[in-house]
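Protein chains get the first letters and strands the later ones, always in sequence-line order, with residue 1 at the start of each.
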Amino acid sequence: MSAPAIEAVSATPALSFRARHRLGAFTLDLAFDAAPGVTALFGRSGAGKTTAAQALAGLLRPDHGRIALSGQVLFDSETGVFLPPHRRRIGYVFQEGRLFPHLSVRRNLLFSQRFSARRSGDAASFERIVALLGLAPLLERRPGALSGGEQQRVAIGRALLSRPALLVMDEPLASLDQARKAEILPYLEGLRDEIGLPILYVSHSLEEVSRLATTLIAMERGRAIRVGPAETLLADPSLFPLFGRREAGVMLEGRVAADPPDEALRDEGLTAIETGGGLLYLARTDLAPGATLRLRVRAQDVMIASAPVEGLSALNQLQATVAAIGEGGGAMVEVALLCGDQRLLARITKRSLRRLGLSPGAPCVAILKAAALGRRDVQATS
Amino acid sequence: MSAPAIEAVSATPALSFRARHRLGAFTLDLAFDAAPGVTALFGRSGAGKTTAAQALAGLLRPDHGRIALSGQVLFDSETGVFLPPHRRRIGYVFQEGRLFPHLSVRRNLLFSQRFSARRSGDAASFERIVALLGLAPLLERRPGALSGGEQQRVAIGRALLSRPALLVMDEPLASLDQARKAEILPYLEGLRDEIGLPILYVSHSLEEVSRLATTLIAMERGRAIRVGPAETLLADPSLFPLFGRREAGVMLEGRVAADPPDEALRDEGLTAIETGGGLLYLARTDLAPGATLRLRVRAQDVMIASAPVEGLSALNQLQATVAAIGEGGGAMVEVALLCGDQRLLARITKRSLRRLGLSPGAPCVAILKAAALGRRDVQATS
Amino acid sequence: MFEVTPEEWAAVRLSLIVSATATVASLPFGLAAALALARGRFWGKTLLNGLVHLPLILPPVVTGYLLLLAFGRQGPIGAFLEAQFGIVFAFRWTGAALAAAVMGFPLMVRAIRLSIEAVDPKLEQAAATLGAGRLARFGLVTAPMILPGLLAGAVLCFAKAMGEFGATITFVSAIPGETETLPAAIYSLAQTPGGDAQALRLTLISIALAMGALIVSEIAARRAQARIARR
Amino acid sequence: MFEVTPEEWAAVRLSLIVSATATVASLPFGLAAALALARGRFWGKTLLNGLVHLPLILPPVVTGYLLLLAFGRQGPIGAFLEAQFGIVFAFRWTGAALAAAVMGFPLMVRAIRLSIEAVDPKLEQAAATLGAGRLARFGLVTAPMILPGLLAGAVLCFAKAMGEFGATITFVSAIPGETETLPAAIYSLAQTPGGDAQALRLTLISIALAMGALIVSEIAARRAQARIARR
Amino acid sequence: ASAQGPLVFAAASLKTALDRIAAHWRDSGRPAPRLSYAASSALARQIELGAPASLFISAHPLWTRRLLGLGALDAASLRSVAGNRLALIAAAGQAEALPRDAAMDETLALAAALGPTGRLATGRVESVPLGIYAKEALGALRLWDQLRGRLAEAQNARIALSYVARGEAPLGVVYATDARLATTVRRIGLFPRESHRRILYPAALTAEAAAESEAAAFLAHLSAPSAEAIFAELGFERPAAEGDATAA
Ligand SMILES: Nc1ncnc2c1ncn2[C@@H]1O[C@H](COP(=O)(O)OP(=O)(O)OP(=O)(O)O)[C@@H](O)[C@H]1O
Ligand SMILES: Nc1ncnc2c1ncn2[C@@H]1O[C@H](COP(=O)(O)OP(=O)(O)OP(=O)(O)O)[C@@H](O)[C@H]1O
Ligand SMILES: [Mg+2]
Ligand SMILES: [Mg+2]
């Protein structure tokens with residue numbers, strides 16, 4: 001089995017996955033260990049994400065391999081172990097709803113209740129999830145009479161309410177509107193951070209992945225081309241073509257400043273973050289002082305100045321030195337900066353590069369707007 | 001019927017749609033006239049987009065209303081006219097693939113060929129579309145054995161090959177990867193601009209909508225809350241909540257400078273665009289001199305400086321004056337700028353607003369990065 | 001012409017009891033057979049399939065005779081059942097029910113089987129991921145989905161039972177009040193000159209009854225269908 | 001014991017011809033009826049439904065007698081057909097085919113109907129948006145999807161035809177070489193002292209034939225099923 | 001079809017005999033008749049509704065009489081081709097109480113011999129010829145009352161016989177001709193001739209075929225010595241010469 005170089009993953013993997021399976025001309029040949037948290041499968045259409053997810057859930061029995069979830073072996077072609085899907089306690093949000101047409105939305109949501117008290121969602125969480133997904137008006141309806149997005153929401157709720165040991169979500173938010181996504185994503189973060197529920201997350205949206213993923217698996221033609229911690233891979237230029245240049249960037253580690261540099265800050269709805277590279281200002285105030293967090297900074301949101309700039313609306317200006325200058329055709333170049341111990345990526349025109357006379361080692365100032373650091377780019381760590 | 005104030009739409013609407021229809025508790029009550037080009041239905045899940053699309057295609061017969069496509073009446077509850085779907089020549093990409101399970105991908109794609117020579121796609125366009133959608137390796141397969149995205153692509157191809165008089169696309173790209181979207185969107189633009197094929201486009205992605213839409217219809221609970229030219233509505237702050245703040249912005253009209261201001265430009269892969277507000281630089285060279293185009297500028301990509309800034313990697317600096325300052329809570333504020341005859345929106349922190357001492361009428365400089373003006377933000381007009 | 005003799009009433013009552021019993025009693029077996037044929041992968045599946053269809057292929061008289069050989073007092077199965085459980089088919093209404101059930105079996109199985117084959121296995125997969133085991137999946141997903149098929153199978157079996165005659169009369173003869181079902185009565189009337197009018201009357205009665213069952217089943221089926229209808 | 005007399009061969013050949021004819025000839029009608037019952041919304045639908053089931057409900061003898069009354073030389077329909085098109089059913093093999101078709105009709109219709117009801121109307125909608133009219137939609141989408149049901153219906157009808165006897169012998173008697181089908185021959189043999197061995201032989205033959213048909217249909221059905229199978 | 005012989009509708013219970021006679025007839029160089037066997041009732045109705053039959057041979061005068069009344073048969077040609085007797089039989093090892101060749105009179109303790117659950121097999125007493133004769137005979141011997149409700153009425157003589165042969169019914173009243181053939185049954189005795197109407201197999205040309213020489217010839221042949229020999233060999237009786245074929 002082709003196990004790609006696996007970059008530093010926590011000692012005891014929450015999920016250890018090795019599977020080879022042929023489907024006609026396609027062959028899934030995937031091996032990875034995932035840290036606790038959200039493992040994102042990322043790859044182009046037809047890469048094998050759903051196939052992998054189904055192998056994990058036991059909906060498909062691989063020709064070869066071994067799958068273990070936090071110690072328990074779910075499948076092993078050697079020993080012939082194959083735990084049937086209904087004993088795996090893996091909740092699955094299917095790419096296509098797969099709701100039960102003969103049951104009302106309510107009964108769809110409560111379907112799993114019948115099976116073992118431990119799994120059944122209690123009233124509280126039922127109300128909570130119905131509210132989260134805006135299903136209240138739909139409870140007595142039949143899936144056949146729901147809109148695409150409504151069906152998707154019911155499917156999500158059904159899986160969440162089954163109180164799974166692991167959650168598989170196959171493009172769960174694809175057909176939902178921005179506002180709804182903005183409501184659901186924090187909830188998923190909650191599952192990840194508070195309950196510590198492991199999630200296998202399939203998505204084409206780098207926004208979702210970069211926000212949720214702990215481990216990222218980049219797939220291509222059934223194989224993992226890269227497996228590793230999300231922040232590492234998301235900052236890896238060699239993967240930018242897969243992500244789309246727009247989203248390329250780095251993750252900054254930081255902590256909310258205990259004592260704000262100036263008192264006006266809070267009133268103006270800003271929070272100061274101490275990073276290895278200096279202070280950054282976020283346009284939000286709901287972060288507890290001292291809390292550590294990860295900031296996603298897109299290369300294209302970073303500007304470079306030769307010296308600190310006065311009278312500019314961009315608040316965040318960090319002293320930096322040019323670490324490296326990427327090459328490649330086109331008008332743009334990625335410039336790697338070092339702000340203290342933090343790497344930053346900036347995407348600028350070659351013209352600016354020339355004008356500013358930037359070269360490795362040269363001191364400069366990295367400028368980024370608070371506006372560019374949206375809510376979705378910030379995630380709490382612990 | 002509640003016909004909302006319809007903002008300046010071309011005299012002879014390509015599509016005139018008025019329909020009222022009850023579905024259980026939901027009532028579609030939609031009326032709009034659409035200019036030729038792409039009409040985008042935008043709205044939250046359950047707003048009634050699919051219902052409206054089905055009414056247009058004749059898959060659903062509204063209780064009341066009148067639907068006419070470039071003069072021809074498709075439906076009129078008064079006169080009892082109801083043109084059956086197969087006579088409307090409306091290609092439909094369904095939210096869920098709806099491929100024919102018993103036919104190979106090839107036969108799915110060529111299904112429409114049987115019906116009237118005029119509709120059938122000729123070999124050339126078949127090859128073209130198969131290539132565009134990357135279906136070549138799938139042609140002999142059955143839909144049941146395709147991945148979600150592959151099915152979606154086949155569904156798109158099938159509709160395109162039916163040579164429709166109008167194309168309805170219901171979240172066609174939802175389950176596709178960025179790269180694939182980036183390939184398909186230009187093709188759709190081509191249909192819109194070269195062939196002039198009218199398209200009713202349903203999507204939750206403001207990226208797609210802002211790029212394709214000529215007319216935009218914002219829906220809520222079965223009604224149109226706004227109908228109008230895309231550029232107008234996309235720049236309308238009152239709709240930002242619907243779009244999501246990140247995407248808020250304006251459209252800039254411009255034309256490719258006939259004689260580049262400096263000869264180095266091309267070599268550096270840049271193109272100068274003349275806008276009402278001055279020169280802008282784009283990181284691409286494939287635009288014909290003199291070509292007119294529309295540029296989408298996100299408010300959060302625009303910075304404000306009190307004076308022109310030297311030694312900054314941001315190339316585009318436009319002289320402007322503050323037109324208006326938005327209010328509302330939070331740390332951020334939208335500032336409307338006037339660059340010549342062009343409106344621009346900037347999203348900055350209140351702190352910067354104070355620091356720069358900006359007030360209506362105050363002169364300033366609008367700064368935006370070339371990197372922020374991605375390919376997807378530029379569209380040719382004619 | 002519409003006064004009905006006690007004997008006739010007896011026949012009507014008997015036919016109803018026999019048909020109902022045959023239908024209800026054979027449903028579980030029909031369901032099992034249909035499941036095996038639709039989903040099963042086992043040796044001798046073809047054989048089972050053939051066996052199920054046999055009563056259709058054989059002339060009813062032959063079926064009846066074979067039943068007599070097997071389930072008669074002297075027949076291996078019949079003797080066994082009588083010895084072990086005191087169940088007797090020969091010349092009893094139970095025998096008539098058995099014959100009717102056997103004759104209706106192929107129809108019932110096929111109807112159920114068709115609807116099982118129409119169920120999307122993906123739904124059972126979904127149920128599995130929600131913790132539903134084999135049985136739960138069947139009971140909560142498959143069964144409700146195939147309800148229309150079950151009803152169709154039941155009504156076919158019932159109708160067949162109401163009309164069955166060849167096998168029944170051969171197996172358990174036609175003992176008034178015990179095994180003389182409506183069709184048997186009709187047949188014997190049709191065999192006697194001048195019995196036509198009476199035969200016609202009984203025929204109409206049996207038609208009326210079967211139609212009633214039919215309509216009920218249709219309504220039930222429409223309900224079930226509506227519940228699982230896609231938008 | 002396995003030499004087969006010419007008369008027996010005649011009966012075998014006849015039964016095959018009759019059954020095949022009955023099946024093929026009734027398919028279009030069965031399909032039409034199934035469509036009407038599954039999709040149609042018209043007055044008297046219940047009536048049609050009842051009519052279709054009638055041969056199941058009536059004792060075959062009665063069905064045969066009604067056929068004799070309607071399609072006999074002197075029967076209204078029979079006389080008309082003979083006068084207009086020179087088609088004669090009475091005491092011809094065509095009559096046997098008619099009887100078999102009528103008896104098999106309810107089974108065929110139900111099978112087809114069930115599979116029609118299982119077809120997702122959304123697919124026909126999709127076909128419509130691609131320019132397919134009513135007919136094209138049926139031919140290119142519905143028909144292929146219900147192929148398994150059509151096959152099931154056909155095989156049920158064929159099997160039934162191979163076994164049908166009551167209605168046939170009542171309608172067209174049992175004229176050797178003309179209307180004496182296998183089951184009729186078996187019946188009369190079963191009636192004659194010492195005819196059992198021969199009856200058994202013929203029974204085995206008819207079973208073998210029907211099984212053959214069954215297996216063929218199963219294979220075809222599996223193919224068709226596989227083609228429309230969801231992943 | 002000239003090559004073909006006449007179409008004969010005959011009661012199924014005559015199959016063995018008629019097949020042999022027809023074969024003999026063919027061997028004698030005459031066009032072989034086509035014999036269609038079914039229940040007398042079915043055949044009669046078909047003739048009534050214009051079946052192209054030339055000759056009708058019934059198992060019981062009932063239907064013959066009806067057809068005569070309708071003028072569907074040629075009365076002049078009516079004759080009985082054979083006669084038969086009723087036999088009381090017992091299943092092997094059952095109803096031992098009844099000795100072989102017991103006196104066939106009211107002393108027969110049939111009900112007792114049947115035991116608590118046993119039944120007496122015969123044809124359906126309302127419609128099947130065998131049953132009709134049996135009811136008369138049992139009535140005449142005043143055994144009917146004790147047997148009412150203890151019968152197993154089959155839809156034809158053969159099945160009645162097989163009930164006893166299979167031991168499903170301890171006793172049976174069947175045709176003597178059938179009783180002879182069943183090896184596994186014990187014949188207790190023949191019912192007295194006078195206990196029931198004579199069992200005759202009436203034959204007659206159909207009205208259309210009245211002038212048909214081949215049919216008439218075959219009908220005549222049925223009474224020819226060669227035919228009578230076959231009937232006799234199978235246990236049938238010579239019919240009364242006089243033509244009371246349908247006598248009440
Ligand atoms: N039954 C099958 N027979 C043959 N090939 C199959 C079968 N099922 C899936 N495949 C192929 O396997 C590949 C992976 O399928 P899969 O559904 O895992 O892709 P995916 O990564 O989920 O894509 P998407 O993002 O479009 O859902 C696809 O190319 C598909 O065509
Ligand atoms: N048959 C029906 N009976 C009752 N309500 C229905 C029926 N069909 C649709 N609806 C309701 O109509 C509303 C609009 O449905 P529609 O599919 O048009 O939404 P949509 O805008 O396409 O949403 P999405 O973006 O999720 O696809 C939904 O709230 C849905 O619940
Ligand atoms: Mg997938
Ligand atoms: Mg929709």
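Heavy atoms closer than 4.5 Å to chain A are found nowhere in V365(B), neither backbone nor side chain. Residue contact with chain B, scored on non-hydrogen atoms closer than 4.5 Å, is absent for L358(A). Heavy atoms closer than 4.5 Å to chain B are found in both the backbone and the side chain of I304(A).
Across E310(B), R355(B), R153(B), K49(B), the residue that shares the most heavy-atom pairs under 4.5 angstrom with chain A is R153(B). Counting heavy-atom pairs closer than 4.5 Å to chain A, the top residue among A25(B), A307(B), S306(B) is S306(B).
Of all heavy-atom pairs spanning Q95(A) and G149(B), the tightest one is NE2-N, 4.1 Å. Here the shortest heavy-atom pairing between S147(B) and G46(A) reads OG-N, 3.7 Å.
Between the NZ atom in K181(B) and the OG atom in S45(A) there is a gap of 11.5 Å [rounded to 0.5 Å].
For D177(A), the salt bridge (charged side-chain N to carboxylate O under 4.0 Å, His left out) partners are R44(B), not counting sequence neighbours. For R354(B), the side-chain hydrogen bond (donor to acceptor under 3.5 Å, both in side chains) criterion is met by E268(A), not counting sequence neighbours.
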| request: Dump the intermediate steps for side chain to side chain contact (heavy atoms under 4.5 Å, CB included) on R180(A) and H204(B), then the final yes or no. | output: CA-CA 11 Å; R180(A) 184 65 62 186; H204(B) 291 301; over 6 Å; no
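Side-chain atoms of Q178(A) and L206(B), non-hydrogen and from C-beta on, never get closer than 4.5 Å to each other.
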